[in-house]
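These figures come from a predicted structure and were not determined experimentally. Each chain gets a letter, A, B and so on, in the order the sequences are listed, and its residues count up from 1.
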Amino acid sequence: MPQPQKRIPKSFFTRSDVLQVSRELLGQHLITEIDGERTVGRIVETEAYHQDGDKACHAYAGRRTKRTEVMFMEGGHAYIYLCYGIHHLFNIVTGKADVGSAVLIRALEPVHGQPLMLERRGMERLEKRLTAGPGTLAQAMGIKKAWTGTDLTDPPGPIWLEYGDQIPSADNIAESARIGVGYAGECAQWPWRFTIAGNPWLSR
DNA sequence: CCCGTGATACACT
DNA sequence: GTGTATCACGGGT
């Protein structure tokens, strides 16, 4: 028996509805492999960003800069940037080329490689703060800013996504306002944050 | 509540 | 080219 195709294909990410992609990313697995060491996390919290009308989006109104250029790549690429001088934030670009939209991964449930994640975070014991937040999960997974622009669907990459085995039903997906975007005026209140309701690994 | 941290974006020479 | 306000955070008080 051949193994089922587990890696999430490009067609998943190139769809134009970033809200739908954000919802469907819940329950999927984010995987990194560095020097043969693999870490796996189940996505439990996402946020959507889109250039059209969304003032919280770095690509708002089609604004292209050196940093945001990768947001205009075809869906399925990584957009990684440094926030507040310390934290690497990992996003997945969505949609067609030349449209700036992406999904921020905000929290993971550790699935595999917890000892290495703990080491990267300088922690002794498994507790929520290991991966509950976009900056901490990037550190736990060993995500590097140099990976921005990487094609997440092109093996063998250091980072990719696979279908998870526990996908939440629509009833178990909660929507709320995005975190930390108060500067974006009325857009800050849009319910573009998606979580697996009640999951213990959520941020905040 | 407070603040470290450094890249980035953009205004202005 | 240079100055500087800002930031999709996290940890501690």
Side-chain angles (χ1 to χ4, degrees), chain A residues 13 18-23 25-26 30 41 43-73 75 77-95 99-110 117-150 152 159 161 174-196 199-204:
Chain A
F13 304 107
V18 66
L19 302 181
Q20 187 61 16
V21 176
S22 295
R23 287 185 198 97
L25 277 167
L26 295 173
L30 177 65
I43 297 171
V44 298
E45 176 175 341
T46 61
E47 280 178 2
Y49 291 85
H50 197 287
Q51 66 168 70
D52 293 337
D54 177 13
K55 293 179 191 159
C57 181
H58 293 162
Y60 173 57
R63 192 179 60 147
R64 287 180 184 246
T65 66
K66 190 174 178 191
R67 179 182 65 162
T68 64
E69 189 60 34
V70 301
M71 288 193 77
F72 296 90
M73 296 175 87
H77 293 264
Y79 170 45
I80 302 162
Y81 69 97
L82 189 66
C83 187
Y84 293 100
I86 313 173
H87 312 290
H88 291 79
L89 268 56
F90 171 71
N91 301 253
I92 302 170
V93 175
T94 64
V99 177
S101 62
V103 178
L104 171 66
I105 306 303
R106 285 197 55 91
L108 297 175
E109 177 177 327
M117 291 189 197
L118 287 166
E119 185 186 321
R120 287 176 178 146
R121 294 271 296 120
M123 292 170 58
E124 303 269 321
R125 324 193 159 281
L126 190 60
E127 44 188 312
K128 174 177 167 172
R129 66 184 189 87
L130 182 66
T131 52
T136 59
L137 77 85
Q139 186 179 23
M141 298 292 286
I143 290 172
K144 301 165 168 56
K145 198 177 68 153
W147 292 354
T148 197
T150 297
L152 300 166
I159 181 163
L161 288 106
E175 305 183 355
S176 55
R178 293 172 294 181
I179 306 292
V181 294
Y183 60 87
E186 70 280 7
C187 305
Q189 290 155 51
W190 293 356
W192 282 20
R193 172 177 177 240
F194 303 94
T195 60
I196 297 181
N199 186 280
W201 296 90
L202 301 180
S203 70
R204 294 284 183 102

Whole-Å distance between [N] [atom2] and [X] [atom1]?
{"X": "A:Leu202", "N": "C:dG10", "atom1": "CG", "atom2": "P", "answer": "13 Å"}
{"X": "A:Lys55", "N": "C:dC7", "atom1": "NZ", "atom2": "P", "answer": "14 Å"}
{"X": "A:Ile179", "N": "C:dG10", "atom1": "CD1", "atom2": "C1'", "answer": "13 Å"}

- Query: For A:Tyr183 and C:dA8, is the shortest distance between a side-chain N/O and OP1 or OP2 below 4.0 Å?
  - Reply: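 Checking A:Tyr183 against C:dA8: at least one side-chain N or O falls below 4.0 Å of OP1 or OP2.
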- Task: Can you run down the side-chain hydrogen bond (donor to acceptor under 3.5 Å, both in side chains) pairs that involve residues 126-142 of chain A, sequence neighbours left out, and say none if there aren't any?
- Result: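 As it turns out, the side-chain hydrogen bond (donor to acceptor under 3.5 Å, both in side chains) pairs with a partner in residues 126-142 of chain A, which skip direct neighbours, are A:Arg121-A:Gln139.
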- Item | Contact list for residues 60-70 of chain A, test side-chain hydrogen bond (donor to acceptor under 3.5 Å, both in side chains), sequence neighbours left out |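 Checked against side-chain hydrogen bond (donor to acceptor under 3.5 Å, both in side chains) - neighbours excluded - the pairs reaching residues 60-70 of chain A are A:Arg64-A:Glu69, A:Arg64-A:Asp98, A:Thr65-A:Thr68.
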- Per-nucleotide protein contact along nucleotides 6-13 of chain B, 5' to 3', at a 4.0 Å heavy-atom cut-off (B base, S sugar-phosphate only, - neither), is BSSSS---
Could I get the full list of side-chain contact (heavy atoms from CB on, under 4.5 Å) partners for [X], not counting sequence neighbours?
{"X": "A:Glu119", "answer": "A:Leu116"}
{"X": "A:Val21", "answer": "A:Phe12, A:Arg15, A:Leu25, A:Thr94, A:Val103"}
{"X": "A:His87", "answer": "A:Tyr84, A:Leu89"}
{"X": "A:Gln51", "answer": "A:Ala59, A:Phe72, A:Val99"}

- Item | Student check: side-chain heavy atoms of A:Glu47 and A:Pro134 closer than 4.5 Å |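 No, every pair of side-chain atoms sits at 4.5 Å or beyond.
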- Task: Please collect all salt bridge (Lys or Arg N to Asp or Glu O under 4.0 Å) contacts where either partner lies in residues 133-144 of chain A, sequence neighbours excluded, each pair once.
- Result: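 As it turns out, there is no salt bridge (Lys or Arg N to Asp or Glu O under 4.0 Å) pair with a partner in residues 133-144 of chain A once direct neighbours are skipped.
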- Message: Suppose the criterion is salt bridge (Lys or Arg N to Asp or Glu O under 4.0 Å): which pairs have a residue in residues 177-192 of chain A, not counting sequence neighbours?
- Response: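 As it turns out, the salt bridge (Lys or Arg N to Asp or Glu O under 4.0 Å) pairs with a partner in residues 177-192 of chain A, which skip direct neighbours, are A:Asp54-A:Arg178, A:Lys55-A:Glu186.
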Output one line per pair: protein atom, nucleotide atom from nucleotides 11-13 of chain C, and distance, for all N/O pairs under 3.5 Å.
| residue | atom | partner | partner atom | Å |
| --- | --- | --- | --- | --- |
| C:dG11 | OP1 | A:Arg121 | NH2 | 2.7 |

- Please evaluate the base of C:dA8 for a donor-acceptor partner in the side chain of A:His87 within a cut-off of under 3.5 Å?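 No such pair is found, so the answer is no.
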- Where are the stems of DNA chain B, defined as at least 3 consecutive Watson-Crick or wobble G-U pairs with both distances under 3.5 Å?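 Stems (3+ consecutive pairs) listed as B:1-4 with C:9-12, B:6-12 with C:1-7.
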- Listed partners of A:Trp201 passing ring-ring contact (aromatic ring centres under 6.0 Å, His included), at least two apart: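 Listed in chain order: nothing, the list is empty.
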